[in-house]
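Below: the structure, in structure tokens.
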Amino acid sequence: MEEYNRPSSYLDDPPNSRLFLVTSKSITEDIIRERFCPFGEIQDIWVVKDKQTKESKGVSFVKFAKSSQACNAMEEMHGKCVAEGTKPIKVFIAQSRSSGSHRDVEDEELTRIFVMIPKTFTEDDLKETFKTYGDIEYAIIIKNKSTGESKGLGYVRYHKPSQAAKAIENCDKTFRAILAEPRTKNASVDNDYFSNQRSDHAGNEPGLSVYPFGAESSSYTAGEGWNSEMITRCLMVSSRMPVVQEQIYSLFDLIPGMEYCEMQRDQYGFSKGQAMIRYSNLGSAVYAREKLNGFEYPPGNRLSVTFIDDGEDRTSPVGKMAMQLVAAQMMSMVWNGPSGAQLMKTSAGYATPSMPQKPRVQTDVVLPSHKKLASSDSVVKERLFVIFNPTPLPVDILEDVFCRFGSLVEVYLVPGRNVGYIKSCSLIHLKRSLTRGRELTDASPRLVKRLSDMTH
DNA sequence: CGACGGGACGC
DNA sequence: CGACGGGACGC
């Protein structure tokens with residue numbers, strides 16, 4: 001095959017050390033250098049320009065010496081405005097030149113490492129060893145299914161790409177840490193159930209008894225892909241940054257069916273950065289886990305959401321199928337509107353402060369707090385273009401949603417069309433998760449199909 | 001929407 | 001015997 005003996009900036013050597021930037025065309029190499037040099041050793045900056053006109057195409061590549069530097073720069077600079085009057089930049093790890101793909105490299109592919117470990121290692125050992133490089137979302141060991149013995153291989157999922165990169169760069173070589181290949185997407189049940197199923201009534205959940213959570217938070221198995229993991233009505237939410245119960249409550253209450261929410265506290269009453277959530281049914285819990293695990297709340301703080309044992313045995317194949325059915329029915333209820341969803345609400349909540357009512361907004365997108373509208377004569381700084389599918393939502397709903405992202409001036413729907421404009425007199429800060437990846441594309445089919453910044 | 005230049009490897 | 005090197009997730 002081909003051989004490459006070229007400077008490391010030619011290829012992505014080391015892997016994932018090169019950034020792909022999308023910027024306004026006026027952004028120059030000098031501006032990029034100035035804004036990106038704090039993150040590490042820049043080996044190359046290349047602003048792609050039109051061959052004839054020499055005008056920037058609004059695309060640049062920044063090569064760092066290390067992947068962790070590139071990842072950190074990405075995490076810090078994505079969505080930032082680097083020059084007065086220009087649009088926020090997008091920052092991704094560049095696809096390697098040999099791949100030929102131009103698909104965005106997702107955080108999902110950059111946060112999980114694959115390591116070789118002593119057979120004697122427990123998952124706690126694994127966690128302990130690798131937590132020095134960043135907060136671990138979960139650590140699992142591959143085991144022989146029948147004997148349960150370790151195969152000496154493990155996965156560690158971090159919250160941020162820079163943490164995984166640091167682990168790979170700095171951990172002992174004997175671990176042979178590399179980025180894990182994403183698990184083969186057997187796009188099967190997951191997407192099919194969540195996006196296509198439309199059944200019209202919810203099945204009745206078999207009544208659940210009590211909630212004997214494991215004595216400590218250790219009794220849960222963390223993992224990805226709900227179809228292959230323990231599924232329960234109970235979730236454990238972990239946060240690195242301090243969050244208060246009201247925040248967690250309002251977040252998880254966006255999914256109908258929450259009946260219990262409580263922060264975990266130590267014996268002195270200090271928060272352990274974890275909360276337990278219980279839903280009235282499996283579908284809600286599955287959906288909450290699917291949508292909120294890894295969500296940045298507040299921005300920059302990835303929440304970790306895992307199922308914890310609720311004492312039910314659902315290991316039989318029949319039980320699994322039943323769960324999938326329930327989950328599918330839950331999905332359709334959420335997406336078919338509030339009327340169905342309200343049926344799922346229970347009044348069983350306790351230890352839960354009463355929250356301001358948001359009667360009509362039903363979305364799985366996590367929203368910042370409600371803010372007052374700006375006066376209608378304010379100068380419009382930024383506009384969002386919103387495409388609805390299948391039809392626009394009521395203006396009052398849109399106001400309720402979009403006032404949270406900036407200083408909202410006006411929601412305008414183009415009469416007779418499925419599009420509208422959101423005007424704001426402040427910069428509208430859409431989180432990373434809303435401008436890339438599936439949070440936006442499949443989160444809320446009824447609400448926002450696509451957003452793009454348009455400055456006029 | 002928003003993706004690949006200039007210059008050079010080294011027994 | 002010990003060092004080396006190897007390496008993948010229940011659908």
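Just so it is clear: chains get the letters A, B, ... in the order the sequence lines come, proteins before strands, and each one is counted from 1.
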[X]-[N] aromatic stacking (under 5.5 Å, under 30°):
| X | N | result |
| --- | --- | --- |
| A:Phe114 | C:dA8 | yes |
| A:Tyr155 | C:dC9 | yes |
| A:Trp46 | B:dG5 | yes |

Starting from [atom2] on [N], measure out to [atom1] on [X] and report it in whole angstrom.
| X | N | atom1 | atom2 | answer |
| --- | --- | --- | --- | --- |
| A:Gln43 | B:dG5 | CD | C1' | 16 Å |
| A:Ile32 | B:dG2 | CD1 | C1' | 13 Å |
| A:Arg183 | C:dG10 | CZ | C1' | 10 Å |
| A:Asp44 | B:dG6 | CG | C1' | 9 Å |
| A:Leu153 | C:dC9 | CG | P | 9 Å |
| A:Phe61 | B:dG5 | CZ | P | 9 Å |
| A:Tyr138 | C:dC9 | OH | P | 13 Å |
| A:Arg18 | B:dG6 | CZ | P | 15 Å |

Select base, sugar-phosphate, or nothing to describe what A:Val22 touches, counting heavy atoms under 4.0 Å on all strands.
base
NA contact type, A:Lys151, heavy-atom cut-off 4.0 Å: base, sugar-phosphate, or nothing?
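Nothing, no heavy atom under 4.0 Å.
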Could you tell me whether the side chain of A:Gln69 and the main chain of A:Lys66 form a donor-acceptor pair under 3.5 Å?
yes
Side-chain (A:Lys160) to main-chain (A:Asp107) donor-acceptor, under 3.5 angstrom
no
More 5' along DNA chain C: A:Gly154 or A:Lys143, using each one's nearest nucleotide?
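That would be A:Gly154.
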Base orientation of B:dC9, syn vs anti, 90° cut from 0
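Syn.
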Glycosidic conformation of B:dC1, syn or anti, with 90° from 0 as the boundary?
syn
For A:Lys143 against A:Gly148, the heavy-atom pair lying closest together
CD-O, 3.6 Å
Closest approach of A:Asp135 and A:Tyr158, non-hydrogen atoms and distance?
O-CD2, 3.5 Å
So which one's nearest nucleotide on DNA chain B is more toward 5', A:Lys51 or A:Val59?
A:Val59
I need the residues from residues 173-180 of chain A with at least one non-hydrogen atom less than 4.0 Å from DNA chain B; give them sorted by number, or say none.
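Result for residues 173-180 of chain A: none.
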Using 30° and 60° as the class limits, which term best fits the ring planes of A:Phe130 and A:Phe175: parallel, tilted or perpendicular?
perpendicular
Measure from the side-chain heavy atoms of [X] and tell me the nearest of [options].
| X | options | answer |
| --- | --- | --- |
| A:Lys145 | C:dG6, C:dG10, B:dG2 | C:dG10 |
| A:Ile142 | C:dC9, B:dG5, B:dA3 | C:dC9 |
| A:His102 | B:dG6, C:dC9, B:dA3 | B:dA3 |

Base of B:dG5 paired with side chain of A:Arg97 (donor-acceptor, under 3.5 Å)
yes
Ignoring hydrogens and geometry beyond distance, is a side-chain donor-acceptor pair present between A:Ser238 and A:Gln274 at under 3.5 Å?
yes
Side chains of A:Asp172 and A:Thr174: do they bring a donor and an acceptor to under 3.5 Å?
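Indeed, the side chains of A:Asp172 and A:Thr174 share at least one donor-acceptor pair under 3.5 Å.
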When you measure from the centre of the six-membered ring of A:Tyr155, is the NZ or CZ of A:Arg112 closer than 6.0 Å and no more than 45° off the axis?
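Judged by the rule, A:Arg112 and A:Tyr155 form a cation-pi pair.
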